[in-house]
Number of protein chains: 2
Amino acid sequence: MTDESRRTANLLGAAVLCLHDELKTVLARQFHRSGEGPAALCALGHQPGLSNDALSRLLDLTHTGTVRLIDRLAEDGLVRRQAAEHDKRSIALYLTEAGQAARENILRERLAALEAVTGSLSGDEQKDLARLLEKLLQADAGDDTHKLRTCRLCDSRVCTNCPILVSVSGAN
Amino acid sequence: MTDESRRTANLLGAAVLCLHDELKTVLARQFHRSGEGPAALCALGHQPGLSNDALSRLLDLTHTGTVRLIDRLAEDGLVRRQAAEHDKRSIALYLTEAGQAARENILRERLAALEAVTGSLSGDEQKDLARLLEKLLQADAGDDTHKLRTCRLCDSRVCTNCPILVSVSGAN
DNA sequence: TTTATATATGTGACTCACACACATATATGG
DNA sequence: CCATATATGTGTGTGAGTCACATATATAAA
């Protein structure tokens, strides 16, 4: 590794930290709970009927942690537990109306914050950035669970031609 | 905003999330405490003698949160509180030998993880990425405190020619 | 078919990393 | 000299997770 490539790696780390801080702040404004709550809402909007177990893998929480998370979201009236039809042990999770609205807000504000940053680049630079990010995401994709994890806050209406597309059925 | 620029923004968000997860995992392996502990160690290595107050601004914690954080780090034998010479109210924080070693590990593993990702790009692509990241970091730099915050996990030996260079004296 | 084992969810008790309200010591400006 | 601002610390609380354990259903084996 050259000094220059090390410098680039470090710049990437700084950008990741800076942007993550910013996105965290934005989400906190939209959503009074911290942790994986926003990600759970987004994922459930994208894949309604997910089980506790599938969600726990997607969020990389213990199943217990996911139970508590769903308790909180249900208490806030954002998520609804329902008996699953095929397996009586499992539950199926759905967003309520309020949950869908919360998800919309989260996705919108997140994207606005990101656009404010990429907006400092020219059109050509944005194209370059997109291409480089695609390569980075592909290189770091991992298995299906990891891919779903990476996409857990994505806005599927915006992410056309996802570079790490995964068969959603792999989630349950 | 075009659909394409929205897509780029979303890709950036996905990459930030994915890499942040990965860096978090790496730090957790190196350092059994979560939260801002690693950042505190790195910052204190870079700016020895920082006060609780300056550190709390840098980490964006309440001063109380920082007191407790330092309690934990001191308990682990990584940080030492010392009376400040100029202002008897404030304390000066220094890393112990063990603290310096912990910091080294954190910086090394963080950079290794980042290099593993950027390593998937060609030399030219890495140069492009560096240039774009510099622009993004500059666009999002903010005031001196925000800049220091962005750099709180950087390895100063590697970050030559920092794109958002800040006068360190602004920190105290 | 009965039985053993694996899987899905849930509960109780705990921990960690913060926050807020309040107290104390030192600095600083009128 | 005194009022106010600043720096640190303490008591108490909370949110978000963990682990150990319990229960219900599914599946495979005898």
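Between A:Thr62 and D:dT18 there is a side-chain polar atom (N or O) within less than 4.0 angstrom of OP1 or OP2. Of the side-chain N and O atoms in A:Arg81, none sit less than 4.0 angstrom from OP1 or OP2 of C:dT9.
If you take CZ of B:Arg57 and C1' of D:dT6, they are 10 Å apart, rounded to a whole angstrom. For the pair A:His63 NE2 and C:dA8 C1', the interatomic distance rounds to 8 Å; values are reported in whole Å. Residue B:Leu55 contributes atom CG, which lies 11 Å from atom P of C:dC18 at whole-angstrom precision. Atom-to-atom, CG of B:Asp53 to P of D:dG9 comes out at 11 Å; the value is rounded to the nearest Å. Distance A:Leu59 CG to D:dT18 P: 11 Å, rounded to the nearest Å. Across the protein-nucleic acid pair, B:Leu27 atom CG and C:dA17 atom P stand 13 Å apart, rounded to whole Å. Rounded to a whole Å, the NE2 atom of A:His86 is 16 Å from the C1' atom of D:dT25. Following rounding to the nearest Å, A:Ile70 (CD1) and D:dG17 (C1') show an atom-to-atom distance of 14 Å.
For A:Lys88, counting side-chain heavy atoms from C-beta on, the closest listed nucleotide (D:dT10, C:dG10, D:dA26) is D:dA26. Picking from D:dT25, C:dT9, D:dG11 the nucleotide with the shortest atom distance to the side chain of A:Asp87 gives D:dT25.
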Nucleotides 13-16 of chain D: which of its N/O atoms have a protein N/O under 3.5 Å away?
{"from": "D:dA16", "atom 1": "OP1", "to": "A:Ser34", "atom 2": "N", "distance (Å)": "2.6"}
{"from": "D:dA16", "atom 1": "OP1", "to": "A:Ser34", "atom 2": "O", "distance (Å)": "3.2"}
{"from": "D:dA16", "atom 1": "OP1", "to": "A:Ser34", "atom 2": "OG", "distance (Å)": "3.3"}
{"from": "D:dA16", "atom 1": "OP2", "to": "A:Arg33", "atom 2": "NH1", "distance (Å)": "3.1"}
{"from": "D:dA16", "atom 1": "OP2", "to": "A:Arg72", "atom 2": "NE", "distance (Å)": "3.0"}

What's touching nucleotides 3-5 of chain D from the protein side, N or O pairs under 3.5 Å?
none

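Ionic pairing of B:Arg149 and A:Glu22 is not present here: no N-O contact between side-chain nitrogen and carboxylate oxygen is shorter than 4.0 angstrom. For the pair B:Glu115 and B:Arg110, the salt-bridge criterion is not met [side-chain N within less than 4.0 Å of a carboxylate O]. Of the charged side-chain nitrogens involved, none lies within less than 4.0 Å of a carboxylate oxygen, so that B:Glu97 and B:Arg80 do not count as a salt-bridged pair. Between B:Arg33 and B:Asp76 there is a salt bridge, since at least one side-chain N of the basic residue sits less than 4.0 Å from a carboxylate O of the acidic one. Residues B:Asp71 and B:Arg81 are paired through a salt bridge, judged by an N-O separation under 4.0 Å between the basic side chain and the carboxylate. Between B:Asp124 and B:Lys127 there is no salt bridge, since no side-chain N of the basic residue sits under 4.0 Å from a carboxylate O of the acidic one.
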Going through the checks in order, is the side chain to side chain contact (heavy atoms under 4.5 Å, CB included) test met by A:Thr62 and A:Thr66?
CA-CA 6 Å; A:Thr62 59; A:Thr66 312; 5.9 Å; no
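Within 4.0 Å of A:Thr64, counting heavy atoms only, lies at least one base atom of the nucleic acid.
The CZ atom of A:Arg29 sits 7.0 Å away from the CD atom of A:Glu109 when rounded to the nearest 0.5 Å. Going from atom CD of A:Gln138 over to atom SG of A:Cys162 covers 9.0 Å, rounded to the nearest 0.5 Å.
Judged by closest nucleotide on DNA chain D, B:Asp71 is the one of A:Thr66 and B:Asp71 placed further toward the 5' end.
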